[in-house]
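Below is one structure, written out as structure tokens; comments come after it.
Naming: A, B, ... by sequence-line order, numbering from 1 per chain.
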There are 2 protein chains.
Amino acid sequence: MATIEDVARLAGLSRATVSRVINNHPYVTEEKRKSVQQAMEQLGYVPNSIARQLRTQTHETIGVLIPRLSNPFFSKLVDAMENIAAEVGFQLIVCQTKSQKERELLYLNWLKTRQVGGIIFASTENEWDVIKPYKEFGPIMFCNEYPPHTEAPIVCLDQLKGGYIGTKHLLERGHKKIAYCYAGSQFTNIRERYAGYKKALDEYGLPLNERWMFKDAYDTRDGKRIYHALMQQADRPTAVFTSSDEVALGMIAEAKRNGTAVPDDLAILGFDDQPIAELMDPAISTVYQPVEQIGITAIRMMIRFLRNQSVPVNEITELPLHLVVRHST
Amino acid sequence: MATIEDVARLAGLSRATVSRVINNHPYVTEEKRKSVQQAMEQLGYVPNSIARQLRTQTHETIGVLIPRLSNPFFSKLVDAMENIAAEVGFQLIVCQTKSQKERELLYLNWLKTRQVGGIIFASTENEWDVIKPYKEFGPIMFCNEYPPHTEAPIVCLDQLKGGYIGTKHLLERGHKKIAYCYAGSQFTNIRERYAGYKKALDEYGLPLNERWMFKDAYDTRDGKRIYHALMQQADRPTAVFTSSDEVALGMIAEAKRNGTAVPDDLAILGFDDQPIAELMDPAISTVYQPVEQIGITAIRMMIRFLRNQSVPVNEITELPLHLVVRHST
DNA sequence: TTGTAGGCGTTATCAA
DNA sequence: TTGATAACGCCTACAA
């Protein structure tokens, strides 16, 4: 590999001048610029980004924390982020926490070792107090989900509204017994969604039934499990507000297999609006989340932090959500 | 951030000794080792991986080239790889080529800039002659797909067998008119699958009908498109060997919407065996691909290359494939 | 067993 | 406008 030294020698100039050409600095005669460029070309020279990072104390790698890539919501999110990052030469590092606190911390420590320059949390496991000390080592921000008391930039969705419009839709369809599924921890902003659910119920003067709350609802397997738990109850709900299209998918498949008509016997509402939602039979009614938008907004912010070496301001950006009515409700 | 210098000073020793402790070198008295460790602890010292990489000329970042992350096959593949990589402190960089030659080259160039230490191609756009020169800048290997004449390590699947057993299954079900879908370029080993299809047809003494070949079959949208193209033909196939579960999914959804019974009017065979395959109605018969296995095998190999700074041997590792019969055929 | 000193490939400061 | 030279943080001959 040719180094800046090689280029300098070939061009008959100093490393400093070559460096100036590379970085488009002023005060280089056109003539010398030309000869440097020619030498670079001839040697196939490309600056070593490692050396550059060491010298400038800058970073061009961003860690994105997600539970797992095989969850379509997150793969789509990372997809959107990567498009932007690649455009400007930044690298995205996949960090799958597998929903484990320790793994999240493992990746957070990469900030100290400089293996990543900044971190975007797209999901969170640890509480803010645990994460906060890492702010010292690089920009940290949240998108999609964040723990209470977060003191960092946030890009998120109006989950309260999501919970509200979803529930209201079911209520308007005449349902009075509506089950609710949620993913693990209620320590993040996802509990906002729950508040929206309660709000809608309140408006209709309906009580909340604890037995119709189902936690740990992540994927199709959970959907199946919850379907059975639901059907075993004496006082059965007539509708379910699931936590994701995955869960809805699993429930619908299992419902059909067991002769439960959807939506007649059981209405099922998804969340996300993934491509499969439209393809299922019945097509899944769901709450659309602008995944790409969150991704793009977040990554742009992070790139700005890294470029300007600026301290993130704790602003919060909230993106809208809307209902997509199909045939499962 | 504390540096090795700070630790040395606090421990009253030289940087060299500290470095020896960090890297577990022999010839350090237990006593000094202790005091170094204590100093590191006290300062919260963590080695700077950038500096280390520059000094040792080693790399701990691996670029994985895929068309796009939102394709479940690839997100699962990267998922599997990342698990292994994270275990040993290596970083995985997502490189979405979007099936574009130029984007693939963009990422290949990251090898020169040292933004990545090695590259795993999980899909390929450019021909081997174009890729070959980059071998000089770091280990390159292929998994899943590879261009003809590849001179690099390969981890792949027995696509010929995949095409063969899939087609044979349909033939055994009594089908004589079998359509075939394939993804874009026939320049990679995916053409092996096609050879398997032909082989099975040959054994049954059946001719190949060019009008039943459908290209550019990637996702659900393509499945829908191909369904319609299929139905418009005067002499219609009774079965379709699709190129992925996605495509099968789209076809089935569209078939149902148009009153075509699956599998009675049209048998549809998938490829991959993704989770949804089992959840569709009818559940999709498909050819199982051991995605995790390919991922794990490939990433382990790459880590070995990077660790030992060894030149890759052009070995080829072939993993098995098998049929999963459900209800769509 | 430990320390000194040089260098990995850059960029930035200063002097010329 | 250019060129020495000193860092960035680390590892590793070599010498002691």
Hey, does the side chain of A:T3 reach the backbone of A:E5 with a donor-acceptor pair shorter than 3.5 angstrom?
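Yes, A:T3 side chain to A:E5 backbone: donor-acceptor pair under 3.5 Å.
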So, do [X] and [Y] sit near enough that their side-chain heavy atoms are less than 4.5 Å apart?
| X | Y | answer |
| --- | --- | --- |
| A:V21 | A:K32 | no |
| B:W110 | A:Q91 | yes |
| A:I119 | A:L111 | yes |

Figure out the [atom1]/[atom2] separation between [X] and [N], and round it to whole Å.
| X | N | atom1 | atom2 | result |
| --- | --- | --- | --- | --- |
| A:Q115 | D:dG9 | CD | C1' | 15 Å |
| A:R114 | D:dC10 | CZ | P | 11 Å |
| B:R9 | D:dG9 | CZ | P | 12 Å |
| A:I4 | D:dG3 | CD1 | C1' | 13 Å |

Using atom types as modelled, flag every donor-acceptor pair under 3.5 Å from a side chain in residues 68-78 of chain B to any protein atom, sequence neighbours excluded.
residue, atom, partner, partner atom, Å
B:S70, OG, A:D79, OD2, 2.9
B:N71, OD1, B:F73, N, 2.9
B:S75, OG, B:P72, O, 3.2

Five-pair end axes of the helix from C:dT1-D:dA16 to C:dA16-D:dT1, angle between them (10°):
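Inter-axis angle at the termini of the helix from C:dT1-D:dA16 to C:dA16-D:dT1: 50°.
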Side chain to side chain contact (heavy atoms under 4.5 Å, CB included) between B:N83 and B:I296: does it pass, once the steps are laid out?
CA-CA 9 Å; B:N83 292 334; B:I296 293 173; over 6 Å; no
Would you list the atom pairs, donor with acceptor, under 3.5 Å between side chains in residues 300-307 of chain B and any protein atom, with sequence neighbours excluded?
none

If you assign A:T3 and B:V28 each to the DNA chain C nucleotide with the nearest heavy atom, which residue ends up on the more 5' nucleotide?
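First, find each residue's nearest nucleotide; the 5'-ward one identifies B:V28.
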Listed by chain and number, what are the salt bridge (charged side-chain N to carboxylate O under 4.0 Å, His left out) partners of [X], not counting sequence neighbours?
| X | result |
| --- | --- |
| B:R20 | none |
| A:D6 | A:R9 |
| A:R52 | none |

Contact list please: residues 44-54 of chain B against DNA chain C, heavy atoms, distance less than 4.0 Å, in numerical order.
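Going residue by residue through residues 44-54 of chain B, the ones with a heavy atom under 4.0 Å of DNA chain C turn out to be B:L54.
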Geometric class of the B:F142/B:W128 ring pair [parallel <30°, tilted 30-60°, perpendicular >60°]:
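If you compare the ring of B:W128 with that of B:F142, the planes turn out perpendicular.
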Pairing residues for A:E30 by the side chain to side chain contact (heavy atoms under 4.5 Å, CB included) criterion, not counting sequence neighbours:
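Residues passing side chain to side chain contact (heavy atoms under 4.5 Å, CB included) with A:E30: A:R33, A:K34.
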Sequence neighbours excluded, which residues qualify as side chain to side chain contact (heavy atoms under 4.5 Å, CB included) partners of B:K112?
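Counting only residues at least two positions away or on another chain, B:K112 forms a side chain to side chain contact (heavy atoms under 4.5 Å, CB included) with A:M1, A:V46, B:N109, B:Y134, B:F137.
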Using distance alone, with no hydrogens and no angle criterion, decide if A:N314 and A:E151 have a side-chain donor and acceptor under 3.5 Å apart.
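No, because no side-chain N or O of A:N314 sits under 3.5 Å from a partner of the opposite role on A:E151.
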Along DNA chain C, first and last positions that approach a heavy atom of chain A under 4.0 Å:
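For DNA chain C, the relevant span reads C:dG9 to C:dT13.
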Strand-adjacent residues in residues 29-43 of chain B, judged by heavy atoms under 4.0 Å from DNA chain D:
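Within this stretch, nothing sits under 4.0 Å of the strand.
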What are the residues of residues 14-21 of chain B, sorted by number, that bring a heavy atom to within less than 4.0 Å of DNA chain D?
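Output list: B:R15, B:A16, B:S19, B:R20.
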Given salt bridge (charged side-chain N to carboxylate O under 4.0 Å, His left out), test A:E145 with A:R191 step by step and report yes or no.
CA-CA 10 Å; A:E145 215 180 275; A:R191 73 201 175 299; over 6 Å; no
